[in-house]
Amino acid sequence: HAKEEGKNNAQFYSEELKSGSLERLTLEQSLRRALERKEFLLYYQSKVDMATGRIIGMEALLRWQHPELDLLLPHQFIPLAEENGLIVPIGRWVIYTACQQNVAWQQAGLPALSMAVNVSARQFLDDSLLRDIKGALATTGMSPQLLEVEITEGAMMVDMPRAVSVLQQLRKIGVRIAIDDFGTGFSALSRLQAFPLDTIKIDGSFIHDLPGSSADRSLADAIIDLGRCLGLTVVAEGVESAEQVDYLRRHSCDQVQGYYMHEPQPACDAVHAIQKNLISEP
Ligand code: C2E
Ligand code: MG
Ligand code: MG
Ligand code: MG
């Protein structure tokens, strides 16, 4: 009898799990505790300067070491954190930790590198963002010019006047601004000029089929030209081959980022990549 009941319970739970609500509930509960349990960590991926072949910056990418699951990627928990607002305290931790790491690398004798952090829509529209960024810079002593905030077109368009004002205030303290996943947001180009931007990051989907696809060649070229016309630094994301690097170099892309150069990696491995890059032939 007990065995039967156990089986029914198991069936019941698996039905619940299938519907997603229980899974979501438990994920939400563990997400709420993840910060205090120190389960988040940052991976770092290089940005390489085309002119010198040197690493000139890093992008911080969030990971969650869930106690029972594998290492979780942003797409597995950031949408939930956006929905329930936990992205605000999590994002505060990300900004602070990335600044702290940047200062630690410089104190260890590495050259000054830029550090990029991703900021999603809810975080971007939250009143605490500016305070959090100023706080992290002040507490860690990081130079604001080295910090870059990456925001997607979509996040900027939710409330455009507010977005412009937040970006202007970030600019005022010296922080740089990048538009992430550029080309996927369908925003009117005329609006782009309203934002104080420093960098355009060409979405990896435009890079993937380079140099073979003539459509992607045209799109990549057009985005590079657009960035150039607006006086912005152009970074290509998702670069996976030597042919892509070669194409992008010949078409005056400023920086490249992708698995071909370096995969995102924990701080201790990223530091080796930086040291190796310093002594290698450019
Ligand atoms: P993103 O900012 O556009 O970051 C690029 C993503 O592409 C990263 O995925 C990176 O691991 C991956 N990538 C890098 N090089 C290559 C490549 O050569 N090929 C391919 N196929 N992929 C490559 P990841 O780490 O899973 O992050 C996904 C997205 O999650 C990020 O896209 C960003 O929008 C968001 N995200 C990451 N960290 C944070 C964070 O701390 N806060 C917020 N709000 N969002 C974050
Ligand atoms: Mg990014
Ligand atoms: Mg991107
Ligand atoms: Mg992306």
Side-chain angles (χ1 to χ4, degrees), residues 31 34-35 39-48 55 57-65 70-101 114-126 128-129 132-133 136 147-156 158 176-185 197-210 223 233-245 248 253 255-267 269-270 273:
L31 190 62
L35 258 185
E39 290 166 1
F40 291 114
L41 60 158
L42 294 181
Y43 272 33
Y44 297 91
Q45 188 180 32
S46 67
K47 287 182 185 164
V48 172
I55 296 176
M58 289 284 177
E59 176 176 0
L61 294 159
L62 184 60
R63 301 290 183 262
W64 177 15
Q65 185 52 71
D70 290 336
L71 188 66
L72 299 182
L73 293 167
H75 73 93
Q76 295 171 294
F77 62 91
I78 286 195
L80 179 62
E82 275 273 306
E83 255 176 71
N84 63 22
L86 284 171
I87 193 64
V88 173
I90 295 171
R92 183 178 303 134
W93 178 87
V94 169
I95 293 163
Y96 178 77
T97 306
C99 292
Q100 202 179 36
Q101 185 58 254
S114 66
M115 177 64 81
V117 293
N118 293 283
V119 167
S120 43
R122 171 119 179 215
Q123 217 183 333
F124 184 55
L125 296 172
D126 195 273
S128 61
L129 181 70
D132 290 346
I133 290 179
L147 183 63
E148 188 158 52
V149 169
E150 297 192 359
I151 305 164
T152 62
E153 286 169 273
M156 289 191 197
V158 176
R176 291 188 299 156
I177 297 141
I179 187 161
D180 206 347
D181 303 346
F182 187 78
T184 61
L197 300 173
D198 299 278
T199 304
I200 280 187
K201 298 190 74 179
I202 310 174
D203 190 68
S205 59
F206 299 103
I207 307 301
H208 193 262
D209 296 324
L210 285 182
I223 298 174
T233 299
V234 181
V235 183
E237 295 188 293
V239 176
E240 295 183 354
S241 73
E243 292 71 31
Q244 291 168 348
V245 174
L248 292 161
C253 182
Q255 296 171 20
V256 280
Q257 198 178 14
Y259 297 163
Y260 182 70
M261 280 66 63
H262 302 102
E263 285 187 22
Q265 48 195 345
D269 300 320

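Atoms within each ligand, like the ligands themselves, are counted from 1 in listed order. Positions are given from 1 along the sequence.
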Legend entry - Sub-4.0 Å heavy-atom approach of Lys201 to ligand 1: no
Inset, instruction - Look at the side chain of Asp198 and the backbone N and O of Ala178, then say whether any donor-acceptor pair between them is shorter than 3.5 Å. - result: no
Inset, instruction - Would you mind reporting whether Gln45 and Tyr259 have side-chain heavy atoms less than 4.5 Å apart? - result: yes
Inset, instruction - For the pair Glu153 and Lys201, find out whether any cationic side-chain nitrogen is under 4.0 Å from an anionic carboxylate oxygen. - result: no
Legend entry - ligand 1 N/O within reach of Gln257 N/O, cut-off under 3.5 Å: no
Legend entry - Enumerated ligand 1 atoms positioned under 4.0 Å from heavy atoms of Glu59: 2 (O), 4 (O)
Legend entry - Residues Glu148, Lys47: salt bridge by 4.0 Å N-O rule: yes
Legend entry - Gly91 touching ligand 1 at heavy-atom level, < 4.0 angstrom: no
Inset, instruction - With side-chain contact (heavy atoms from CB on, under 4.5 Å) as the test, would you mind laying out the steps for Val239 and Val245 before giving the verdict? - result: CA-CA 7 Å; Val239 176; Val245 174; 3.6 Å; yes
Inset, instruction - Could you tell me whether a side-chain N or O of Ser120 sits under 3.5 Å from a main-chain N or O of Gln123, the two making a donor and an acceptor? - result: no
Inset, instruction - Name all pairs fulfilling the salt bridge (Lys or Arg N to Asp or Glu O under 4.0 Å) condition that reach into residues 78-90, sequence neighbours left out, sorted by first residue then second. - result: Arg24-Glu83
Inset, instruction - Please could you name the atoms of ligand 1 that Ser120 approaches to less than 4.0 Å, counting only its heavy atoms? - result: 44 (N)
Inset, instruction - Check if Pro264 has a non-hydrogen atom at a distance under 4.0 Å from any atom of ligand 1. - result: yes
Inset, instruction - Using side-chain contact (heavy atoms from CB on, under 4.5 Å) as the criterion, point out the one residue from Ile87, Val88, Val119, Asp132 that pairs with Asp126. - result: Val88
Inset, instruction - At a cut-off of 2.8 Å, list the protein N/O/S atoms near the Mg ion (ligand 2), residue plus atom name. - result: Glu59 OE2, Asn118 OD1, Glu150 OE1, Asp180 OD2
Inset, instruction - Please work out whether any backbone atom (N, CA, C, O) or any side-chain heavy atom from C-beta onward of Val117 is under 4.0 Å from ligand 1, and answer side chain, backbone, both or neither. - result: neither
Legend entry - Contacts of type ring pair (Phe, Tyr, Trp, His ring centres under 6.0 Å), residue Phe182, not counting sequence neighbours: none
Inset, instruction - Give a yes or no answer on whether the side chain of Thr97 reaches the backbone of Val94 with a donor-acceptor pair at less than 3.5 Å. - result: no
Inset, instruction - Indicate yes or no: does an N/O atom of Leu62 lie under 3.5 Å from an N/O atom of ligand 1? - result: yes
Inset, instruction - Test Gln257 against Ser46 for side-chain contact (heavy atoms from CB on, under 4.5 Å), laying out the working first. - result: CA-CA 6 Å; Gln257 198 178 14; Ser46 67; 5.7 Å; no
Legend entry - Which residues share a side-chain contact (heavy atoms from CB on, under 4.5 Å) with Leu73, sequence neighbours left out: Arg63, His75, Gln76
Inset, instruction - Specify side chain, backbone, both or neither for His75, according to which of its non-hydrogen atoms lie closer than 4.0 Å to ligand 1. - result: neither
Inset, instruction - Mind checking whether Asp203 contacts ligand 1 via backbone (N, CA, C, O), side chain (CB onward), both or neither, at a 4.0 Å heavy-atom cut-off? - result: neither
Legend entry - Ligand-residue contact atoms, ligand 1 with Arg63, heavy atoms, under 4.0 Å: 11 (O), 24 (P), 25 (O)
Legend entry - N/O separation below 3.5 Å, Tyr260 to ligand 1: no
Inset, instruction - Please work out whether any backbone atom (N, CA, C, O) or any side-chain heavy atom from C-beta onward of Ile90 is under 4.0 Å from ligand 1, and answer side chain, backbone, both or neither. - result: neither
Inset, instruction - Enumerate the atoms of ligand 1 whose separation from the nearest heavy atom of Glu240 is less than 4.0 angstrom. - result: 17 (C), 18 (O), 19 (N), 20 (C), 21 (N)
Inset, instruction - For ligand 1, note which part of Gln123 has a heavy atom under 4.0 Å away: side chain, backbone, both or neither. - result: side chain
Inset, instruction - Check each of Gln45, Met261, Glu263, Glu150 against atom 15 (N) of ligand 1 and report the one with the nearest heavy atom. - result: Gln45
Inset, instruction - For the pair Val235 and Val256, evaluate side-chain contact (heavy atoms from CB on, under 4.5 Å) and give the outcome as yes or no after the intermediate values. - result: CA-CA 5 Å; Val235 183; Val256 280; over 6 Å; no
Legend entry - Leu61 contact mode with ligand 1 (heavy-atom cut-off under 4.0 Å): both
Inset, instruction - Could you give me the CA-CA distance, side-chain angles and deciding distance for Asp269 and Tyr43, then say whether side-chain contact (heavy atoms from CB on, under 4.5 Å) is met? - result: CA-CA 9 Å; Asp269 300 320; Tyr43 272 33; over 6 Å; no
